[in-house]
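Worksheet: the structure to be examined is printed underneath.
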Amino acid sequence: MSIFNVFTLLGGLAMFLYGMDVMGKSLEKQAGNKLQTILSRLTDNPLKGFLLGLVVTSIIQSSSATTVMVVGFVNSGLMQLHQAIGIIMGSNVGTTVTGWILSLSGIQGESFWIQLCKPSTFAPILAFVGLILYMFLKSEKKKGVGTILLGFAILMTGMEVMSGAVSPLADDPQFTALFTAFSNPILGVLVGALLTGIIQSSSASVGILQALSSTGIITYGSAIPIIMGQNIGTCVTALISSIGANKNAKRAAMVHLYFNIIGVIVFLTLFYSLNAVFQFSFVSDTVNPMGIAIVHSIFNILATALLLPFNRLLERLAILTIPDSKKPDTIQVLDDRLLATPALAVERARAVTVEMADLARTTLLQGMSLTHKWDKDLAEKITEGERRIDEYEDRLGTYLVRLSSRSLTMEDSHAISLLLHTIGDYERIGDHAVNLMDTAKEIHEKNLQFSESAKKDLSVLESAVQEVLDTTITGFEKSDISLANQVQPLEQVIDDLVRELKSRHIQRLQSGECTIELGFVLSDLLTNYERVSDHCSNISVTLEEVARDRFDTHEYVSKMKEGEGNDYRRRIEDYHRRFALPEMSLEGKSTTA
C-alpha cells in the first residue's frame, strides 16, 4: 500500500465523516417538530421509553446526539433518571440502522436492480437530485431534503473511496497479522472503544470497519470484539456532555456506560463459552459489511432484552457510583446541551418564557391587591418575584442570542424572534408590580383613603387591566392569534378609561373632594396600569407579526386602527359596555379623592 493510497484513505474518511455530520444535522433540523412531539411523550413505562429512543435515534441517525439530549433533559429537570434509561437503551438499537444502510456497499451481483442498489450507482444520482433541491428551490423544507441527500451521497462516496483505498491491504501480511491479533477479545474491545471514543460516533466507527472489511481478511472472530468495543466507546460523548451537570444527569451518562459494559461482558462471555463447546465455524469466516451490521444489531437487541427488565437495578448502580450529598442538587432550566438540537432548545426557551410570563402576571396581581390592603409579607413576595423575573430575562436573553446563531428552520427563527421581543415586556410588567407596591406603601404609611366613587372607578380599570393581562398571556402560551387580536382594542379602551379617570379626578379636585396629595397617588396608579396594558399590546402585536413574518409595530397598529370597521370596532364597543364607569356624583368636601 503506497503513500498515495494513504492519502486516498484519509480523503475518503474525511468525506465519510463530513457526509455523516451534514446528513445527521440536516435530519435533526428537519425532524425538529417531530422530536418535540416524540420527546414530549415521556413515560414511566421502560418499554415505551425504549421505543421512544429507538424512533428518535432512527430519525436523526445518532445515538450520541440522543443520549446528549437525554442528559440535557435530566439536567433541566424535564426528565427523571428512570425515564431516561429506556430511551438510552432504545438509542443503542436505533443507531444500528446506519450500519444496515452502509452495508449496501458490500452487496454483490450483476443484475440491474443489484447494481442500482450499489452506492457507486445511486450516490451520484442522490447528489444531483440533492443539488437541484438545494440550489434551485426556495422552499426551506425542500432545501433541507436536498442537504440530507447531499450529505448521504458524500457519506456513501467516502465509504466507496475508503474501500477502494484499503483494497491493496488484502495482500499485506502485516495488516493480516494485525487483525489476527484483534481476535484477542480484550485487545479488540480496547481498539474498538478507542477508535469510537476519538471520533465520538459508533455509526462512523462501524462504517470504517465495514470499509476495511472490503479487504476480505477481517474475520468474524476479529470483528466481534471490535464491534463490542465500539459500543463502549460511544459512551464517551455522553460522559463528556455530563461534565458540569447535576448528579442525575451524570447518572444518566453512567447508565449508558454501564448498559454497554455489562452487555459486552455478558455477550462475549456467552459467545466464547458457546464457541468453546460448539466450535462455531463462522468465527474464521471473512466478514462483510452486511455481517458487521448483523452482529451490531444482534448485540444491541440482546443487550436490551437482557437489561431492560432490570432498568431499576441500573438506576441503583448509577446512584451508588454518584451518591447523593447533603448539598441539594441544582436544576439548570436552560441547558446548553440542548443548543445542539435547536428545535428542542427553542421549545425549552419558550416553556421558560411561559414560566416568566406567569410569574409576571402573579406579581402584578399581588401588587394590585396591595393597593387595597397593605401586607408586608406580600410586599416581600413581590420584591422576590421581580428579582426572579429579572433573572429570567438575563438568562433567556443570553440563551436566545446564542441559539439564534445556530442553523434554524424558519419556524424556529420566528419563535426566537417572538421570545426576544416579549421577554423585555414581561420584565417591565414585573417592574410595574414593584411600582404599585411602592404606591401602596405610600398609601398605607400616610393613611390615605380614596372616596367610594374613586374606588369604584379604579375597580373598573383594574378589572380591565386584569383581563388584558390574562388574555395576553393566555394567547402567548397557546400561540392563539384570535386571543392576541382581542388585546389591542381592549388596550385602547383602557387608555380611554385612564383619560376619563383623570378627568373625573380634576372634577373632584375642583369641587374640593380631592387633595393634591391623593391626586399624585392616583396619577401613579393610572400611569402604571396604562403602561401594563401597553406592554400587553406589544406582546400581542409581536405574536401577530411573527406569524406574518413582519416587524413594524407602529405600521401594524396604525393600519388596524385606520380600518376600524368590522371586528376591531365591534370589540371596542363591547369592551366599553363591559367596562363602563359608574355615574359620577360629587360629594361634600373631604380629604378623599
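Side-chain atoms of Thr341 never come within 3.5 Å of backbone atoms of Leu344 as a donor-acceptor pair (strictly under, hydrogens ignored). Under a 3.5 Å cut-off, the side chain of Thr409 and the backbone N or O of Asp412 do form a donor-acceptor pair. In this structure, Arg337 contributes its side chain and Ser241 its backbone to a donor-acceptor pair below 3.5 Å. Side-chain N or O atoms of Ser167 include one that pairs as donor or acceptor with a backbone N or O of Gly164 at under 3.5 Å. With hydrogens and angles ignored, the 3.5 Å screen pairs no side-chain donor or acceptor of Arg348 with any backbone N or O of Asp335. No side-chain donor-acceptor contact under 3.5 Å links Thr269 to the backbone of Val266. In this structure, Ser214 contributes its side chain and Ala211 its backbone to a donor-acceptor pair below 3.5 Å.
Counting all heavy atoms, side chain and backbone alike, Gly192 lies closest to Thr196 at O-OG1, 2.8 Å. When all heavy atoms are compared, the tightest approach of Thr237 to Ser64 is OG1-OG, 3.7 Å. Residue Ala123 comes nearest to Met156 through the heavy atom pair CB-CB, 4.3 Å, listed as atom of the first residue, atom of the second, then distance. What you find for Ser202 and Gln230 is that their closest heavy atoms are CB-O, 4.0 Å. Closest approach of Val264 and Met228 over heavy atoms only: CG2-O, 3.4 Å. Nearest heavy atom pair, residue Gly207 against residue Leu102, reads CA-CD1, 3.5 Å.
Defined by atom type and a distance below 3.5 Å, a donor-acceptor pair is missing between the side-chain atoms of Thr542 and Thr422. For the 3.5 Å distance criterion, the side chains of Ser203 and Thr95 qualify, holding a donor opposite an acceptor.
Using a 4.5 Å heavy-atom cutoff, the side chains of Met89 and Val255 are not in contact. Phe73 has its side chain within reach of Leu338: a pair of non-hydrogen atoms, C-beta onward, lies under 4.5 Å apart. Under the 4.5 Å side-chain criterion, counting only non-hydrogen atoms from C-beta, Leu239 is in contact with Met254. The side-chain heavy atoms of Thr219 and Val283, taken from C-beta on, include no pair separated by under 4.5 Å. The closest side-chain heavy-atom distance from Leu306 to Phe267 is not below 4.5 Å. Residues Phe299 and Thr96 form no side-chain contact, since every pair of their non-hydrogen atoms from C-beta on lies 4.5 Å or further apart. Side-chain contact between Asp394 and Thr398 is absent, with no heavy atoms from C-beta onward closer than 4.5 Å. Two residues are said to be in side-chain contact when any heavy atoms from C-beta on lie closer than 4.5 Å; His256 and Asn92 meet this criterion.
To the nearest 0.5 angstrom, Glu477 atom CD is 10.5 Å from Glu355 atom CD. Atom CD1 in Ile232 sits 12.5 Å away from atom CG in Leu194 (nearest 0.5 Å). Expressed to the nearest 0.5 Å, how far CG of Leu307 lies from CG of Leu302 amounts to 10.5 Å. Atom OG1 of Thr147 and atom NZ of Lys25 lie 12.5 Å apart (nearest 0.5 Å). Put simply, CD on Glu315 and CD1 on Ile85 are 5.0 Å apart, with the number rounded to the nearest 0.5 Å. Atom CD1 of Ile101 is separated from atom CD of Gln210 by 10.5 Å, given to the nearest 0.5 angstrom.
For Phe128, the CZ atom sits in a loose shell: 12 or fewer heavy atoms of surrounding residues, nucleotides or ligands are nearer than 6.0 Å. The environment of CG in Leu320 is crowded: more than 12 heavy-atom neighbours from other residues, nucleotides or ligands sit within 6.0 Å. In this structure, Phe280 places its CZ atom where more than 12 heavy-atom neighbours from other residues, nucleotides or ligands lie under 6.0 Å away.
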Applying side chain to side chain contact (heavy atoms under 4.5 Å, CB included), run through Leu419 and Leu396 and close with a yes or a no. CA-CA 9 Å; Leu419 298 179; Leu396 277 166; 5.9 Å; no
Given ring pair (Phe, Tyr, Trp, His ring centres under 6.0 Å), test Phe271 with Tyr220 step by step and report yes or no. CA-CA 12 Å; Phe271 174 75; Tyr220 279 94; 9.3 Å; no
If you apply the rule side chain to side chain contact (heavy atoms under 4.5 Å, CB included), what do you find for Tyr426 with Thr353, and how did you get there? CA-CA 9 Å; Tyr426 288 130; Thr353 306; 4.2 Å; yes
Could you go through the side chain to side chain contact (heavy atoms under 4.5 Å, CB included) check for Leu133 and Leu149 one step at a time? CA-CA 9 Å; Leu133 291 174; Leu149 294 179; 4.0 Å; yes
Show your reasoning for whether side chain to side chain contact (heavy atoms under 4.5 Å, CB included) applies to Trp100 and Met290. CA-CA 7 Å; Trp100 284 99; Met290 182 72 73; 3.2 Å; yes
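Salt bridge absent: Glu140 and Lys143 never bring a charged side-chain N and a carboxylate O closer than 4.0 Å. Look at Arg402 and Asp336 and you find a salt bridge, because one of the NZ, NE, NH1 or NH2 atoms lies within 4.0 Å of a carboxylate O, short of that distance.
Under the side-chain contact (heavy atoms from CB on, under 4.5 Å) rule, Ile227 has a single partner from Ile292, Val189, Asn300, Val287, which is Ile292. The only option from Val74, Leu81, Leu314, Thr321 that meets the side-chain contact (heavy atoms from CB on, under 4.5 Å) definition with Arg251 turns out to be Leu81.
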